[in-house]
Every structure is written in structure tokens, then in C-alpha cells.
Amino acid sequence: MAVNTAKKRATVIDVARLARVSKSTVSLALKNSELLRKETRWRVHQAADQLGYVRNRSAARLRGASTDIIGMVINDLGNPFFAEMAVGIERACRRADVTPFIANVTEDVERQRSAMRSMVERGVAGLIISAARGTTADDLSTVMGWGVPVILVMREIPGAGLPTIVPQNKAGAELAVHHLISLGHRRIALVGGVRGEPAYQARLAGWKNALKRAGLPTGKNLIFTGPVTREGGARALGRALDCALARPSAALCFNDIVAIGGVQELWRRGMTAGEHFAMVGFDDVAHGRMTTPELTTVSVDSAAIGEKAVETLLQNIGGGRFTGTIRTPVALAVRQTCAQARPAP
């Protein structure tokens, strides 16, 4: 089991000692009081930044007691998968008699940084972070120095050294491609997603592994990246359908939102998913079960991931030292957007 890398949280006394001022001066300086000289305020802020100090606005209320609030920093609650995961977090918090404090950062790293600081200032006991796209280990190094346990969910951040809970992305992609191969498809595209992101790289690896084992092509002309939105999915699948030579007959989509956009693109072209083109999504959000036809997908229990995150965070708050990665199981939900491959004309 890895050693917890979180440092002891800096105190007002530490800041006062480094800045060579009194505790009351530190308090005034952090409130940007005009009663202090500008030079003094600057020296205190420099000391606070150097020590990684954040002001606990709940300190008076919480002195001598432990907080029963945890922070949830979610990258995009507009995405139904992350909304469903947040429901799981809230449900587990209710069972544990703790209160979740939520922030939706809409894939904005700066907004995420501000939300994390604000939550720690208000005395949260720990943080569950589904990181904004583009977050790096450096972005999280500051919060690690604030002395609160942190759990990452859904998005791995290489080099962060934080406990992380993600689905079995690689295995899920292999499941989907094996299913399409069993239906007779031989040119299977990978549609949507952003290169370089760990989840994309894992699903790309699973796609390649399954095709290689079957002796099928894995060339770049079968990979169509794009924004993880319905519009992005529609455009990416459109590029696949416009291939003049050796057009794919099936696709693994990066997630269900991309796949739903693909279903709509097929409809716009007078085609039907499952009849004219086979599609598999990834995540199993409720929206995919309401499409026509219903979406075949790799099922990820988003609520269970949220619940596991709360369980692990509370263990670390209680003195646990888990900093590894938990990969939750996935399954294939076979519905209506896949069918036997049509004979080549």
C-alpha cells in the first residue's frame, strides 16, 4: 500500500512565523485590510502561498471538532454520466451522515482551482474530484499540500499520486469490439474522443487489442477523433461514413453522448443504427436507453463509482492511506443498435 503524500496543513502560526508578523496581522492581511501597509500584506500573502496555506473560514465553528462536510468538484454536470455519478456520491454521503458540497466547473481548470480552494477554506474534510479536461499533476499538487484527503474519479491524472477510481476502460472497449466481430463486422471504427486523455488511450488500446487478435485492420483511417458531444459525435461519424474506400460497417464510440450524435447523423442520412450501421457506446447513461433504436453500450455503474469514492475518502479521512487505483467492472448491454454485418456489395 502506498504512503499518503498529503502534508500537514499549514497554520496561521506558520504563516506568521515565516512573514515575521503576529497572528492578528496575518488575519488582517488575508482579508486585505487597508489597516495594514501594502508591503506587509504582500509579505503575508507570499508566506501563505509558499506554505500552501488556505484560510479555514469555518475554524471558529469547527474548533475542537471534525467537519462532516466533503467537497465534490465535478467537471461537467451537463453530461448525464457525471450527473448520475454525483447522485451516487450524494446517496453514499446521506448513508454516512455527511453533507456533500458540490461545484460544477464546466471543464474549466481555473474554475476548478478556485472551487477546490474555496471548499478547503470552508473546512471540508476531504475532496472528491472528477477533474476538468486538461488538468495536470501540477494543478493538483497545491491541493495535496492543503492537508485534506483527495479522491479522483473517472479521470486519471498521470503523476498525481492520488487515489483514483475509474472503470475498466480497456476491458470495456475489448468487450464491445469482440461483440461487433461476432456479428461479422470486419472494419470497425473508433469514433469520438480526445487523444492523449487516459480514458481515451485505454479505450483505444482495447479497440486495437481486440482487432489485432482477430487479424483485422487497426489503421489510422479507422480512427475518427472529435469533441465528446452529440455534435462532435455526429461530425466524427459523418467522416467515417464519407470514406470513399473501405468504409467501416460498425463503430465503437468513445461514450454514449458521442454515440447518440452518431445515431442522429445516420438518421439524417436516411440510415438506421443497427440496420445500416452497427454502433456501440460506452457508459450506459439513461439517455441511451431512450433513443430509437435503443443504444447498445458498455455499461459502467456510474452511481457505484460515486459510492465507492465516498467510501474510500471516508476511510482516508479516518486515517487510511490508500493511494492506488480502483478499476470498477464493466459489462456489455446489448440492445438494438447492433446487428449482423450486411454482405459486401
Side-chain angles (χ1 to χ4, degrees), residues 81 154-156 166-226 228 232-233 236-237 239-241 243 245-263 265-266 273-285 288 293-302 305 325-344:
F81 179 86
M154 282 310 297
R155 288 182 175 169
E156 297 178 82
V166 293
Q168 294 175 335
N169 287 305
K170 183 179 176 183
E174 290 180 352
L175 269 177
V177 175
H178 281 313
H179 178 64
L180 291 169
I181 292 171
S182 74
L183 295 174
H185 296 281
R186 295 297 176 261
R187 289 189 62 80
I188 301 169
L190 180 64
V191 172
V194 179
R195 285 187 181 276
E197 292 190 352
Y200 178 85
Q201 294 303 123
R203 294 175 193 183
L204 171 66
W207 172 83
K208 281 185 176 179
N209 284 354
L211 291 174
K212 284 180 177 177
R213 280 201 295 269
L216 297 175
T218 61
K220 292 181 179 179
N221 60 340
L222 286 171
I223 299 174
F224 303 89
T225 58
V228 187
L237 184 64
R239 297 202 309 274
L241 296 173
C243 290
L245 297 174
R247 186 174 80 174
S249 64
L252 166 63
C253 296
F254 176 75
N255 68 7
D256 287 351
I257 300 302
V258 167
I260 291 168
V263 169
E265 178 64 18
L266 288 168
E275 180 181 353
H276 302 98
F277 192 91
M279 298 185 65
V280 181
F282 207 114
D283 286 345
D284 198 14
V285 299
E294 291 183 18
L295 184 65
T296 294
T297 188
V298 177
S299 182
V300 177
D301 192 338
S302 56
I305 288 175
T325 299
I326 297 171
R327 301 189 188 279
T328 62
V330 296
L332 188 66
V334 179
R335 299 193 181 102
Q336 298 172 332
T337 54
C338 292
Q340 292 286 338
R342 290 183 164 197

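Numbering of residues begins at 1 and proceeds along the displayed sequence.
Of the possible polar contacts, one joining the Asp256 side chain to the Val285 backbone as a donor-acceptor pair under 3.5 Å is found.
Under the side chain to side chain contact (heavy atoms under 4.5 Å, CB included) criterion, Arg327 pairs with Glu156, Val166, Gln168, Thr325, sequence neighbours left out. For the side chain to side chain contact (heavy atoms under 4.5 Å, CB included) test, residues two or more places apart in sequence or in another chain that qualify with Leu175 are Val330. Under the side chain to side chain contact (heavy atoms under 4.5 Å, CB included) criterion, Ala214 pairs with Ile181, Leu216, sequence neighbours left out. Residues satisfying the side chain to side chain contact (heavy atoms under 4.5 Å, CB included) test with Ala240, not counting sequence neighbours, are Phe224, Leu237, Pro248. Remark: Thr337 pairs with no residue by the side chain to side chain donor-acceptor pair (under 3.5 Å) rule, at least two apart or across chains. Remark: Arg155 pairs with Glu107 by the salt bridge (charged side-chain N to carboxylate O under 4.0 Å, His left out) rule, at least two apart or across chains. By the salt bridge (charged side-chain N to carboxylate O under 4.0 Å, His left out) test, Arg187 is found to be paired with no residue, residues two or more places apart in sequence or in another chain being considered. For Glu294, the salt bridge (charged side-chain N to carboxylate O under 4.0 Å, His left out) test picks out no residue, with sequence neighbours left out. Residues that satisfy the side chain to side chain donor-acceptor pair (under 3.5 Å) test with Asp284, not counting sequence neighbours, are Arg289, Ser299, Arg335.
The shortest side-chain heavy-atom distance between Met279 and Leu266 falls under the 4.5 Å cut-off.
Applying the salt bridge (Lys or Arg N to Asp or Glu O under 4.0 Å) rule to pairs touching residues 172-185 yields Glu174-Arg213, sequence neighbours excluded. Residues in residues 188-203 take part in these side chain to side chain donor-acceptor pair (under 3.5 Å) pairs, two or more places apart or across chains: Arg133-Glu197, Asn169-Arg203.
Nearest approach of Asn255 to Val258, heavy atoms of both residues: OD1-N, 2.9 Å. Here the closest heavy-atom approach between residue Leu180 and residue Leu252 is recorded as CD1-N, 4.4 Å. The two residues Pro167 and Val300 come nearest to each other via the heavy atoms CB-CG1, 3.7 Å.
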